[in-house]
Amino acid sequence: MSMLIERARYHLSAHNVRQLPPDEGSEVAFAGRSNAGKSSALNALTRQNSLARVSKTPGRTQQLVFFQITPEAHLVDLPGYGYAKVPLDLQAHWQAFIDRYFRTREALKGLVVVMDIRHPLKDYDRQMLSYAVQRGLPAHALLTKADKLSRSQQMQALQKVRKELHSAYGDSVSVQVFSGEDRTGVDEARGVIGGWLGLE
């Protein structure tokens, strides 16, 4: 399974519903604030340096970007949110597009929400988690940039977030610490994602 995810390659980008690939197979979506380390997490999970662009200007992902692992399995990079300086009409377009994607996409099997471990569970993080829970989809929170904290600080942050998530969403949202820099939690996250995608 861990080897399969390393096969991920850019497939296509969709700016509207008409550009989405056929609604078949399995896909896992990645969401996160624009400075949470989402691109770095995708690159670490796939063991590639530049699969997802790591921009010095957060918020550059302005489409749904599909990465193909197999013809039946994809990772989907959602637009970064909460930081990007974009016009209000474009923000409204993203919101409507993502809302429809979550409500209607049958291939979507789970959501990974990437949060900076030092600043977790902002309003937008909760909004994305609620999308998944309302659809009955499993969600998994990656507390990224864990290398910025000591081990004890990581565990304190993890326990606090786990308690808040359980209070809000029950057992439908799981959480772990993660670092693309030192590869903390990479195998754990791959296991979750591979299970949702049916990779063996």
Peer 1: Partners of Arg118 by salt bridge (Lys or Arg N to Asp or Glu O under 4.0 Å), sequence neighbours excluded?
Peer 2: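 Counting only residues at least two positions away or on another chain, Arg118 forms a salt bridge (Lys or Arg N to Asp or Glu O under 4.0 Å) with Asp116.
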Peer 1: Check side chain to side chain contact (heavy atoms under 4.5 Å, CB included) between Ser174 and all other residues, then give those that pass, not counting sequence neighbours.
Peer 2: His140
Peer 1: Judged by atom type as modelled, is there a donor-acceptor pair below 3.5 Å linking the side chain of Arg190 to the main-chain atoms of Leu45?
Peer 2: yes
Peer 1: Would you give the length of the straight line joining atom CG of Leu111 to atom CH2 of Trp196, rounded to the nearest 0.5 angstrom?
Peer 2: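 Rounded to the nearest 0.5 Å, the CG-CH2 separation comes to 7.0 Å.
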Peer 1: Are the side chains of Tyr10 and Val65 in contact, using a 4.5 Å heavy-atom criterion?
Peer 2: yes
Peer 1: Would you say Ile98 and Met128 make side-chain contact, with heavy atoms under 4.5 Å?
Peer 2: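 When only atoms from C-beta onward are counted, Met128 and Ile98 do touch, with a gap below 4.5 Å.
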Peer 1: Partners of Ala146 by side chain to side chain contact (heavy atoms under 4.5 Å, CB included), sequence neighbours excluded?
Peer 2: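 Once residues adjacent in sequence are excluded, the partners of Ala146 under the side chain to side chain contact (heavy atoms under 4.5 Å, CB included) criterion are Ile117, Gln154, Val177, Ser179.
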Peer 1: With sequence neighbours left out, write down each residue that passes salt bridge (Lys or Arg N to Asp or Glu O under 4.0 Å) with Glu164, or none if nothing qualifies.
Peer 2: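 Result, salt bridge (Lys or Arg N to Asp or Glu O under 4.0 Å) vs Glu164: Arg126.
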Peer 1: Please give me the minimum heavy-atom distance between Leu137 and Gly110, naming the atom from each residue.
Peer 2: CD2-N, 4.4 Å
Peer 1: Under the salt bridge (Lys or Arg N to Asp or Glu O under 4.0 Å) test, which residues partner Arg183, sequence neighbours left out?
Peer 2: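 Here no residue qualifies.
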Peer 1: Tell me yes or no: between the side chains of Ser130 and Gln127, is some donor less than 3.5 Å from an acceptor?
Peer 2: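 Checked: Ser130/Gln127 side chains show no N/O donor-acceptor pair below 3.5 Å.
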Peer 1: Please assess Asp125 against Arg33 for the test salt bridge (Lys or Arg N to Asp or Glu O under 4.0 Å), listing each intermediate value before the final yes or no.
Peer 2: CA-CA 7 Å; Asp125 300 326; Arg33 287 177 62 80; 5.7 Å; no
Peer 1: Supply the atom-to-atom distance Leu64 CG to Asp77 CG, rounded to the nearest 0.5 angstrom.
Peer 2: 8.5 Å
Peer 1: Between Lys109 and Glu106 (side chain of the first, backbone of the second, donor and acceptor by atom type, cut-off under 3.5 Å), is there such a pair?
Peer 2: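 Yes; at least one donor-acceptor contact below 3.5 Å.
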Peer 1: Under 3.5 Å, is there a donor-acceptor pair between the side chain of Asn43 and the main chain of Ala52?
Peer 2: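 Judged by distance alone, yes, a pair lies under 3.5 Å.
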Peer 1: Quick one: does Glu181's side chain have a donor or acceptor within less than 3.5 Å of a partner on Lys145's backbone?
Peer 2: no
Peer 1: Are any side-chain N or O atoms of Gln153 and backbone N or O atoms of Leu149, one a donor and one an acceptor, separated by less than 3.5 Å?
Peer 2: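 Flag not set: sc Gln153 to bb Leu149 has no pair under 3.5 Å.
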Peer 1: Using the side-chain hydrogen bond (donor to acceptor under 3.5 Å, both in side chains) criterion, which residues pair with Arg135? Sequence neighbours excluded.
Peer 2: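 Expected list: none.
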Peer 1: Say whether, by atom type as modelled, one donor and one acceptor occur between the side chain of Gln134 and the main chain of Phe102 under 3.5 angstrom.
Peer 2: no
